[in-house]
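The structure presented is a predicted model; accordingly, all values stated were derived computationally and were not measured.
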Amino acid sequence: MPLVTTTEMFKKAYDGGYAIGAFNVNNMEIVQGITEACREEKAPVILQVSKGARAYANHTYLVKLVEAAVIECPEIPIALHLDHGPDFETCKSCIDGGFTSVMIDASSKPFAENIEITRKVVEYAHDHGVVVEAELGTLAGVEDEVKVSAEDSSYTHPEEVEEFVTKTGCDSLAIAIGTSHGAYKFTPAQCTRNEKGILVPPPLRFDVLEEVSKRLPGFPIVLHGSSSVPQEYVAMINANGGKMPDAIGIPEEQLRQAARLSVCKINIDSDLRLAMTGTIRAYFNEHPDHFDPRQYLKPARANIKELVRHKLIDVLGCAGKA
């Protein structure tokens with residue numbers, strides 16, 4: 001099947017109590033690892049491209065990689081989404097360039113300006129058959145060019161969501177309930193230790209999510225900054241020359257709980273990068289004489305695939321939903 005929008009994906013996810021994985025892609029091996037897992041597990045998927053990814057790999061190369069995945073995996077729905085579009089011009093470029101979904105992130109602007117910018121993108125996108133994700137509230141952390149300090153982050157105000165969605169016409173809404181961008185989502189001081197001595201971050205604000213859901217019944221909600229930061233890959237990186245102390249992510253059981261509610265899209269980025277980096281570091285330590293990229297990228301791709309498979313089955317709950 002050709003590239004699809006997220007409209008039908010989200011309707012089925014909302015009704016079925018699961019979420020669609022939205023995975024950021026930057027190169028061929030990441031695209032292959034994600035889509036091979038989705039094909040084998042019969043799961044719909046959103047492949048995301050950020051402004052930084054477009055600068056790194058070029059818009060055309062990324063679109064063609066995704067189109068190749070559509071040809072290789074014709075039995076699963078695949079949407080191509082712009083992640084954190086910073087302005088109308090970037091969103092327009094992606095809409096004109098083959099994307100089926102875009103995010104306009106004007107969450108750092110005042111409420112009225114956020115509405116104005118988002119509505120402009122929505123009008124253009126809908127005229128071209130493309131859907132739009134918007135954002136209310138700001139997440140702390142760093143992702144590509146999105147950099148927000150903890151002091152400047154803010155939870156979404158549920159009392160604003162109805163007006164925002166009505167006035168903008170957006171198709172889904174990213175909200176802030178305590179997730180955070182990047183691999184360093186929380187400091188140890190923010191966490192407590194469980195009975196196994198593992199650092200556990202503060203719980204997500206499910207009260208905010210539930211209130212938003214009451215005010216927007218049936219409307220798809222999105223979570224950004226939702227990588228769980230697998231500790232086995234953090235340990236692998238550190239054991240092979242890396243320095244990533246205190247990289248702490250979102251507990252997977254909390255993400256699964258969110259997926260059972262109104263969250264229809266969960267963004268996963270840092271986990272894949274950790275898997276790739278850890279695998280490559282370990283490979284070079286074990287094979288210091290190797291130099292062929294195919295040698296070290298093959299196991300990295302395989303570990304990305306298995307990580308995505310785990311997310312589809314155990315976190316998102318979308319395996320078998322294609």
Side-chain angles (χ1 to χ4, degrees), residues 1-49 53 57 59-83 94-95 97-103 125 128-133 171-172 220 222-223 226 252 255-256 259-260 263-269 271-272 275-276 297-322:
M1 67 178 73
L3 282 169
V4 302
T5 71
T6 56
T7 301
E8 188 65 20
M9 282 186 186
F10 287 169
K11 183 180 185 306
K12 291 180 177 179
Y14 195 102
D15 294 341
Y18 61 88
I20 311 297
F23 300 95
N24 285 66
V25 298
N26 302 280
N27 61 21
M28 182 185 75
E29 287 76 17
I30 293 175
V31 171
Q32 289 175 326
I34 294 165
T35 54
E36 287 175 12
C38 291
R39 181 185 61 200
E40 292 176 11
E41 295 302 328
K42 298 179 173 57
V45 67
I46 299 165
L47 299 179
Q48 298 194 147
V49 172
H59 174 102
T60 303
Y61 280 106
L62 290 168
V63 170
K64 294 304 178 184
L65 283 173
V66 174
E67 289 177 355
V70 170
I71 293 171
E72 291 297 315
C73 307
E75 61 272 53
I76 62 170
I78 300 175
L80 175 56
H81 176 73
L82 169 66
D83 188 27
C94 289
I95 293 165
F99 284 53
T100 57
S101 175
V102 296
M103 177 195 186
H128 292 78
V130 174
V131 296
V132 177
E133 173 189 326
D171 302 283
S172 60
V222 175
L223 285 189
S226 299
E252 289 186 338
L255 297 175
R256 186 68 193 98
R260 291 189 182 100
V263 172
C264 297
K265 174 177 178 272
I266 292 180
N267 287 18
I268 299 170
D269 179 12
D271 292 358
L272 306 189
M276 173 165 271
L297 289 174
K298 184 176 180 179
R301 179 177 60 193
N303 278 348
I304 286 173
K305 178 179 175 179
E306 291 312 306
L307 178 60
V308 170
R309 189 194 310 277
H310 160 66
K311 298 288 186 182
L312 299 174
I313 297 170
D314 300 318
V315 181
L316 301 163
C318 63
K321 306 298 185 180

Do [X] and [Y] make a side-chain contact, defined as non-hydrogen atoms from C-beta onward lying under 4.5 Å apart?
{"X": "Thr6", "Y": "Ile20", "value": "no"}
{"X": "Lys265", "Y": "Ser172", "value": "no"}
{"X": "Ile95", "Y": "Val102", "value": "yes"}
{"X": "Asn27", "Y": "Leu65", "value": "no"}
{"X": "Val66", "Y": "Leu62", "value": "no"}
{"X": "Val63", "Y": "His59", "value": "yes"}
{"X": "Lys12", "Y": "Tyr18", "value": "yes"}

Using atom types as modelled and distance alone, determine if a side-chain donor or acceptor of [X] lies under 3.5 Å from a backbone N or O of [Y].
{"X": "His81", "Y": "Ala22", "result": "no"}
{"X": "Thr100", "Y": "Leu80", "result": "yes"}
{"X": "Asp171", "Y": "Val132", "result": "yes"}

Q) So does Glu36 pair up with Arg39, basic N to acidic O under 4.0 Å? A)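 No salt bridge links Glu36 with Arg39.
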Q.
Regarding Lys11 and Glu8, does a basic nitrogen lie under 4.0 Å from an acidic carboxylate oxygen?
A.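 No.
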(Q) Could you go through Val31 and Phe23, starting from their C-alpha distance and side-chain angles, then the distance that decides it, and tell me whether this counts as side chain to side chain contact (heavy atoms under 4.5 Å, CB included)? (A) CA-CA 9 Å; Val31 171; Phe23 300 95; over 6 Å; no
Do you know the tightest heavy-atom contact between [X] and [Y]?
{"X": "Leu272", "Y": "Ile30", "answer": "CD1-CG2, 4.2 Å"}
{"X": "Ala19", "Y": "Cys318", "answer": "O-CB, 3.3 Å"}
{"X": "Val315", "Y": "Ala259", "answer": "O-CB, 4.2 Å"}
{"X": "Ala322", "Y": "Glu75", "answer": "CB-O, 4.3 Å"}
{"X": "Met276", "Y": "Ile304", "answer": "CE-CD1, 3.9 Å"}

How long is the gap from [atom1] on [X] to [atom2] on [Y], to the nearest 0.5 Å?
{"X": "Lys321", "Y": "Leu312", "atom1": "NZ", "atom2": "CG", "answer": "12.5 Å"}
{"X": "Lys311", "Y": "Asp271", "atom1": "NZ", "atom2": "CG", "answer": "4.0 Å"}
{"X": "His310", "Y": "Leu316", "atom1": "NE2", "atom2": "CG", "answer": "9.0 Å"}
{"X": "Met103", "Y": "Leu82", "atom1": "CE", "atom2": "CG", "answer": "9.0 Å"}
{"X": "Leu47", "Y": "Cys38", "atom1": "CG", "atom2": "SG", "answer": "7.5 Å"}
{"X": "Arg309", "Y": "Asp314", "atom1": "CZ", "atom2": "CG", "answer": "11.5 Å"}

(Q) Please evaluate residues Lys305 and Glu40 with respect to the criterion salt bridge (Lys or Arg N to Asp or Glu O under 4.0 Å), reporting the C-alpha separation (whole Å), side-chain torsions for both, the decisive distance (0.1 Å), and the verdict. (A) CA-CA 10 Å; Lys305 178 179 175 179; Glu40 292 176 11; 2.6 Å; yes
Q: Evaluate side chain to side chain contact (heavy atoms under 4.5 Å, CB included) for Phe10 paired with Ile46, printing each intermediate quantity in order.
A: CA-CA 11 Å; Phe10 287 169; Ile46 299 165; 3.9 Å; yes
Q. Does the side chain to side chain contact (heavy atoms under 4.5 Å, CB included) test come out yes or no for Ile78 and Leu3, once each step is laid out?
A. CA-CA 6 Å; Ile78 300 175; Leu3 282 169; 4.0 Å; yes
(Q) Checking Val131 against Ser101 for the side chain to side chain contact (heavy atoms under 4.5 Å, CB included) test, could you report, in this order, the C-alpha distance in whole Å, the side-chain angles of both residues, the deciding distance, and whether it holds? (A) CA-CA 5 Å; Val131 296; Ser101 175; 3.6 Å; yes
